J.: 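Below is the structure I would like to discuss, written out as structure tokens.
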Amino acid sequence: MALVPCQVLRVAILLSYCSILCNYKAIEMPSHQTYGGSWKFLTFIDLVIQAVFFGICVLSDLSSLLTRGSGNQEQERQLRKLIALRDWMLAVLAFPVGVFVVAVFWIIYAYDREMIYPKLLDNFIPGWLNHGMHTTVLPFILIEMRTSRHQYPSRSSGLAAICTFSVGYILWVCWVHHVTGMWVYPFLEHIGSGARVIFFGSTTVLMNFLYLLGEVLNNYIWDTQRSMEEEKEKPKLE
């Protein structure tokens with residue numbers, strides 16, 4: 001039996017994301033007042049994705065609790081739809097986008113923080129909030145993946161969805177640059193157009209790789225879990 005029920009963990013994680021989003025939006029930064037506001041940053045979009053995902057998780061838990069033993073087929077059908085949406089969001093958005101944000105942010109930060117998170121931002125964003133946006137996303141999504149098995153969509157439709165998201169965000173970044181003359185991320189100012197094309201292409205490939213990684217990890221965790229349970233159920237030889 002788990003020390004903390006997964007339902008309680010989901011509520012705690014959802015509340016933490018709500019707190020992070022509220023504190024982030026309360027910060028008066030110049031970038032929040034420019035074209036696109038917070039929505040031009042993948043970090044903010046990812047926070048919204050994670051909050052919506054865990055909100056669906058909590059809602060599915062509540063629905064499961066309320067419909068348990070009721071025998072109402074319509075309610076059970078709606079619950080299955082909700083669980084299918086939860087699983088789709090984890091596979092296509094929450095896992096690949098969340099891991100991408102954490103990995104890319106800290107890799108670029110370690111190389112040269114001014115390229116992605118200028119020191120000036122320390123005057124606006126406290127350290128705990130920075131980690132809430134760029135660090136805890138990874139353990140939170142791994143906890144969710146470990147506590148509940150999720151049904152992945154077909155590989156072709158999953159990859160098509162994450163490609164659509166990636167290309168859509170890249171076009172949005174390019175549109176913001178077209179309107180304002182400024183790139184959302186400072187390092188894009190310091191590389192040529194050819195390097196930008198390579199970078200954008202690489203990010204799409206990486207998103208696809210992370211989708212596949214999530215699928216493999218999900219199957220590995222639960223295949224291993226099932227094997228352990230089957231091993232326990234085997235009769236022991238005297």
Side-chain angles (χ1 to χ4, degrees), residues 6 9-27 31-32 36-61 81-108 116-117 125 129-148 150-153 157-173 175-176 184-185 200 203-215 217-218:
C6 62
L9 285 172
R10 286 168 174 164
V11 171
I13 292 172
L14 174 61
L15 290 175
S16 72
Y17 276 124
C18 291
S19 174
I20 290 167
L21 281 167
C22 289
N23 278 277
Y24 179 74
K25 291 299 290 181
I27 297 172
S31 60
H32 288 180
S38 304
W39 290 99
K40 56 181 174 285
F41 301 110
L42 186 59
T43 293
F44 179 77
I45 294 173
D46 177 51
L47 288 175
V48 174
I49 288 171
Q50 302 298 329
V52 171
F53 168 68
F54 279 99
I56 292 173
C57 288
V58 171
L59 185 58
S60 65
D61 288 338
K81 285 185 177 181
L82 193 60
I83 292 173
L85 175 61
R86 178 201 71 184
D87 293 349
W88 185 90
M89 275 207 70
L90 177 126
V92 173
L93 294 174
F95 183 87
V97 177
V99 176
F100 179 89
V101 166
V102 173
V104 173
F105 175 84
W106 287 112
I107 288 171
I108 298 176
I116 195 164
Y117 193 81
I125 303 176
L129 186 55
N130 179 30
H131 284 292
M133 296 187 298
H134 298 116
T135 305
T136 58
V137 173
L138 181 56
F140 284 168
I141 204 65
L142 290 177
I143 287 171
E144 170 60 26
M145 186 171 279
R146 178 62 184 83
T147 55
S148 299
H150 298 81
Q151 184 67 42
Y152 267 61
S157 64
L159 290 174
I162 191 61
C163 278
T164 300
F165 175 85
S166 302
V167 173
Y169 181 69
I170 290 168
L171 292 176
W172 169 233
V173 168
W175 177 253
V176 171
V184 173
Y185 303 103
F200 289 143
T203 58
T204 303
V205 171
L206 179 56
M207 282 285 199
N208 280 267
F209 170 77
L210 292 173
Y211 172 87
L212 295 174
L213 176 64
E215 183 181 33
L217 184 60
N218 181 68

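Quick caveat, the model's predicted, so the values are computed rather than measured.
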J.: Roughly how far apart are Leu93 CG and Ile49 CD1, rounded to 0.5 Å?
T.: 5.0 Å
J.: Looking at Ala91 and Pro96, what are the two nearest heavy atoms and their distance?
T.: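 The answer is O-CD, 3.2 Å.
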J.: Any idea which heavy atoms bring Val92 and Ala161 closest together, and the distance?
T.: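 Where Val92 meets Ala161 most closely, the heavy atoms are CG1-CB, 3.4 Å.
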J.: Sequence neighbours left out, what passes side chain to side chain donor-acceptor pair (under 3.5 Å) with Tyr117? Give chain and number order.
T.: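 Counting only residues at least two positions away or on another chain, Tyr117 forms no side chain to side chain donor-acceptor pair (under 3.5 Å).
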J.: Look up atom CZ in Arg146 and atom CG in Leu9, then write down how far apart they are to the nearest 0.5 Å.
T.: 12.0 Å
J.: Tell me if a side-chain donor or acceptor on Tyr211 pairs with a main-chain N or O of Ile162 at a distance below 3.5 Å.
T.: no
J.: Going by side-chain hydrogen bond (donor to acceptor under 3.5 Å, both in side chains), name the pairs with one or both residues in residues 86-104, residues two or more places apart or in two chains.
T.: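 As it turns out, there is no side-chain hydrogen bond (donor to acceptor under 3.5 Å, both in side chains) pair with a partner in residues 86-104 once direct neighbours are skipped.
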J.: Which residues pass the side chain to side chain contact (heavy atoms under 4.5 Å, CB included) test with Leu85, not counting sequence neighbours?
T.: Ile56, Met89
J.: Restricting to side chain to side chain contact (heavy atoms under 4.5 Å, CB included), what partner residues turn up for Cys18, sequence neighbours left out?
T.: Leu14
J.: Would you give the length of the straight line joining atom CG of Leu213 to atom CG of Asn218, rounded to the nearest 0.5 angstrom?
T.: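 CG of Asn218 is found 11.0 Å from CG of Leu213.
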J.: List in chain and number order the residues that pass side chain to side chain donor-acceptor pair (under 3.5 Å) with Lys81, two or more places apart in sequence or in another chain; answer none if no residue qualifies.
T.: none
J.: Looking at Met145 and Leu90, what are the two nearest heavy atoms and their distance?
T.: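 For Met145 versus Leu90, the nearest heavy atoms are CE-CD2, 3.8 Å.
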J.: Looking at residues at least two apart in the chain, or sitting in another chain, which of them share a side chain to side chain contact (heavy atoms under 4.5 Å, CB included) with Leu171?
T.: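 With sequence neighbours excluded, Leu171 shows a side chain to side chain contact (heavy atoms under 4.5 Å, CB included) to Val167, given in chain and number order.
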J.: Can you tell me which residue pairs pass the side-chain hydrogen bond (donor to acceptor under 3.5 Å, both in side chains) test with a partner in residues 158-167, sequence neighbours excluded?
T.: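 Listed once each, the pairs would be none.
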J.: Please give me the minimum heavy-atom distance between Gly132 and Ile20, naming the atom from each residue.
T.: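 Gly132 and Ile20 have their closest heavy atoms at O-CD1, 3.5 Å.
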J.: State, with a plain yes or no, whether a side-chain heavy atom of Ile141 is found less than 4.5 Å away from one of Phe53.
T.: yes
J.: Given Asn208, which partner from the list Val205, Leu206, Leu212, Thr204 fulfils the side-chain contact (heavy atoms from CB on, under 4.5 Å) test?
T.: Thr204
J.: List for me each residue that meets salt bridge (charged side-chain N to carboxylate O under 4.0 Å, His left out) alongside Arg10, sequence neighbours excluded, and say none if there are none.
T.: Asp61, Glu144
J.: Indicate the atoms forming the closest heavy-atom contact of Lys40 with Tyr169, along with that distance.
T.: O-OH, 2.8 Å
J.: To the nearest 0.5 Å, how far apart are CZ in Phe105 and CG in Asn130?
T.: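 Here the interatomic distance stands at 4.5 Å.
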J.: Restricting to side chain to side chain donor-acceptor pair (under 3.5 Å), what partner residues turn up for Thr135, sequence neighbours left out?
T.: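 By the side chain to side chain donor-acceptor pair (under 3.5 Å) rule, Thr135 matches Trp106, His131.
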J.: For the backbone of Cys22 and the side chain of Lys25, can you confirm whether one donor and one acceptor N or O come within less than 3.5 Å of each other?
T.: no
J.: With rounding to the nearest 0.5 Å, note down the distance linking CG in Leu59 to CG in Leu82.
T.: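 Rounded to the nearest 0.5 Å, the CG-CG separation comes to 5.0 Å.
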J.: Are Phe140 and Phe54 close enough that their ring centres sit under 6.0 Å apart?
T.: no
J.: If you define the side chain from C-beta out and look only at heavy atoms, does anything of Phe95 sit under 4.5 Å from Leu217?
T.: yes
J.: Could you tell me the separation between the OG1 atom of Thr136 and the CD atom of Gln50, rounded to the nearest 0.5 Å?
T.: 9.5 Å
J.: Taking side chain to side chain donor-acceptor pair (under 3.5 Å) as the test, write out the residues that go with Tyr152, two or more places apart.
T.: none
J.: Please list, one pair per line, the donor and acceptor atoms closer than 3.5 Å that link side chains of residues 97-104 to other protein atoms, with sequence neighbours excluded.
T.:
none

J.: Using modelled atom types and a 3.5 Å cut-off, is there a donor and acceptor pairing between side-chain atoms of Tyr17 and backbone atoms of Ala12?
T.: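 No, the answer is negative, given that no donor and acceptor are paired below the 3.5 Å cut-off.
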J.: Trp39: what forms a side chain to side chain contact (heavy atoms under 4.5 Å, CB included) with it, not counting sequence neighbours?
T.: Phe44, Ile45, Val48
J.: Run the side-chain contact (heavy atoms from CB on, under 4.5 Å) check on Tyr185 and Leu42 step by step: do they pass?
T.: CA-CA 10 Å; Tyr185 303 103; Leu42 186 59; 3.5 Å; yes
